[in-house]
Chemist: 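The structure that follows is given in the form of structure tokens.
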Amino acid sequence: MVEALVWLGTLVFAATGALKGVEKGFDLLGVLVLATVTAVGGGSIRDVLVGTLPPTALRNEPLLWSVVLVGLLVFRFHPRVQALGPLIYYLDTLGLGLFAALGAERGLQAGLGPFGVALAGTLSGVGGGVLRDVLSGEVPGILYRAGDLYASAALLGAWVVYLAYPLGPGLALFLGAGTTMALRLFGRRLGLRLPTPRG
Amino acid sequence: MVEALVWLGTLVFAATGALKGVEKGFDLLGVLVLATVTAVGGGSIRDVLVGTLPPTALRNEPLLWSVVLVGLLVFRFHPRVQALGPLIYYLDTLGLGLFAALGAERGLQAGLGPFGVALAGTLSGVGGGVLRDVLSGEVPGILYRAGDLYASAALLGAWVVYLAYPLGPGLALFLGAGTTMALRLFGRRLGLRLPTPRG
Amino acid sequence: MVEALVWLGTLVFAATGALKGVEKGFDLLGVLVLATVTAVGGGSIRDVLVGTLPPTALRNEPLLWSVVLVGLLVFRFHPRVQALGPLIYYLDTLGLGLFAALGAERGLQAGLGPFGVALAGTLSGVGGGVLRDVLSGEVPGILYRAGDLYASAALLGAWVVYLAYPLGPGLALFLGAGTTMALRLFGRRLGLRLPTPRG
């Protein structure tokens, strides 16, 4: 079940990466590179930092080939994929919550404290998107989009995993992923936004 | 023999990095940084991902000092080096083929599957150039230059290594490097180009 | 004593990162991300390269939380922090010298040669700032600011550590950090500047 959700989240991340490549007018290879980087980049950065080498994702061949398949489909049918905007938004939120929670668990297993766990979870959720943005020549969206709780939602979800882990791994992951998703989905509706510097 | 070719490839990569630094108007340190990053960055990224730490290149002092020497020569005599354009093109293609094939072999030794091996080989060949471009404030050329088969040539060469390895390492490396070089050199002449997104 | 200076240097680096985030108009999360990346990014890159995983800084919870506290203070009181410009300049120079020297020692302990040690020291001193610049969408300042001996000062200080280490670790670190700080502080006054390419 979690395995199936991880697949779904990874493939949706791949689609958002491929769409960015199409939007930038990159060639087929560029689109596939952005799909792959967005899909597995965050977890790979986390794996490098906690010392799990080679990173888990680079040893999951069926997942990697599926990422490329999604990249090819987006490349070929991008107008139809773009029309799925709202669905992608929800599935991307699902992926964010899931990866942040599972990444936090990996941080716990590596013996990190609350800050390290939050970092491991957040990087797992948003690291691929940051790489995607930097490679596209853009400032990472997570740094300035005050009105879209994305990295901050992942961060709080990772903390919930840290705090709730003594209650049992399954429950902690569920609560953590739920926190991230709820913050992202309801944050904008409730008018939550991060402050920006004054003056 | 392979050792000598690796040196040659590394030093040509260093020259292309240094030329980019000169073109950007960077200072001496910036030119040497780009030379070093371009020369040993790809192999170092690969070594981080497969867990060979410190990366091999960072322990090869004679090679590192030679990279700096090339950087100094380019800094001082860049108009003459630029005049060597076609020669640099051929030697850069040699380096690309070689690093992609040797990087693929390192991926095989790390127990990776076909996608992981292709990634290890491609990163070895193009990772330094990607770092060079990002540090120079440019979008990596491999993402959008549809008419120059570069990363895709490295990718296919790495796959040839993967497929031909059971026939013997030497033959596999030869075939893989040859595939990459042939695709790069004849691709443009044959009008091969990667597709770009429609509409 | 060294411990206290490392804290001071790290927190000043955090302040410079947070100031960059404020200057760019990033939101609160962006400011805190830049503070953290600038403060612990250089040492973490070095730790990845020498294979110390997870990186030391990611296991130092009190330091990480202090970095965030500094980020929050800068976010809230940035005009007053900016008014401390000269003080920040001196403390930043202290941090640079210290991190370059301590990073060089870590390179020595990893068995690296003179080039590798210089690289480990320089990356420790400037790597966080390079990440900060790249994430902010800027070309790293160390590549082109010929008149501000910064990375080159770190590099020479790291070499002094390498050369003086046989005289005793304490003395070597003192001489190395002193070299970096002296070069930075007096370099501009003495009109020292790196050459830039001709023509």
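Residue numbering restarts at 1 for every chain, and letters A, B, ... go by the order of the sequence lines.
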Chemist: Can you tell me how far apart OG (B:S66) and CZ (C:F115) are? Round to the nearest 0.5 Å.
Modeler: 10.0 Å
Chemist: Can you say whether B:V33 sits under 4.5 Å from chain C via the side chain, the backbone, both, or neither, judging by heavy atoms?
Modeler: side chain
Chemist: So for B:V74, is it side chain, backbone, both, or neither that comes closer than 4.5 Å to the heavy atoms of chain C?
Modeler: neither
Chemist: Please report the closest heavy-atom contact between C:G116 and B:E61, naming both atoms and the distance.
Modeler: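 Smallest interatomic distance, heavy atoms only, reads N-OE2, 3.0 Å.
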Chemist: Measure distances from C:L119 to the heavy atoms of chain B and classify the residue's part below 4.5 Å as side chain, backbone, both or neither.
Modeler: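 Side chain only.
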Chemist: Taking all heavy atoms of B:V134 and all of C:V134, pick out the closest pair and write down the distance.
Modeler: CG1-CG1, 4.0 Å
Chemist: If you round to the nearest 0.5 Å, how far is CG of B:D27 from CG of C:D148?
Modeler: 10.0 Å
Chemist: For the pair C:V130 and B:L135, evaluate side-chain contact (heavy atoms from CB on, under 4.5 Å) and give the outcome as yes or no after the intermediate values.
Modeler: CA-CA 9 Å; C:V130 168; B:L135 290 175; 3.9 Å; yes
Chemist: Checking heavy atoms, do the side chain of B:T36, its backbone, both or neither come under 4.5 Å from chain C?
Modeler: side chain
Chemist: Tell me, yes or no, whether the heavy-atom count around C:Y89 atom OH, taken from other residues, nucleotides or ligands under 6.0 Å, exceeds 12.
Modeler: yes
Chemist: Counting only heavy atoms closer than 4.5 Å, note whether C:V139 contacts chain B via side chain, backbone, both or neither.
Modeler: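 Its backbone and side chain both get close to chain B.
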Chemist: Just verifying a value: how many Å separate C:S152 OG and B:L28 CG, rounded to the nearest 0.5 Å?
Modeler: 8.5 Å
Chemist: Provide the closest heavy-atom pair for C:P197 versus B:H78 in the form atom of the first, atom of the second, distance.
Modeler: CB-NE2, 4.0 Å
Chemist: Is B:Y165 atom OH crowded by more than 12 heavy atoms from other residues, nucleotides or ligands, each under 6.0 Å away?
Modeler: yes
Chemist: Counting only heavy atoms closer than 4.5 Å, note whether C:R145 contacts chain B via side chain, backbone, both or neither.
Modeler: backbone
Chemist: Once rounded to the nearest 0.5 Å, what's the spacing between atom CG of B:L32 and atom CG of C:L143?
Modeler: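 If we round to the nearest 0.5 Å, B:L32:CG and C:L143:CG are 11.0 Å apart.
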Chemist: Inspect the surroundings of OH in C:Y144 and state if more than 12 heavy atoms from other residues, nucleotides or ligands are less than 6.0 Å away.
Modeler: yes
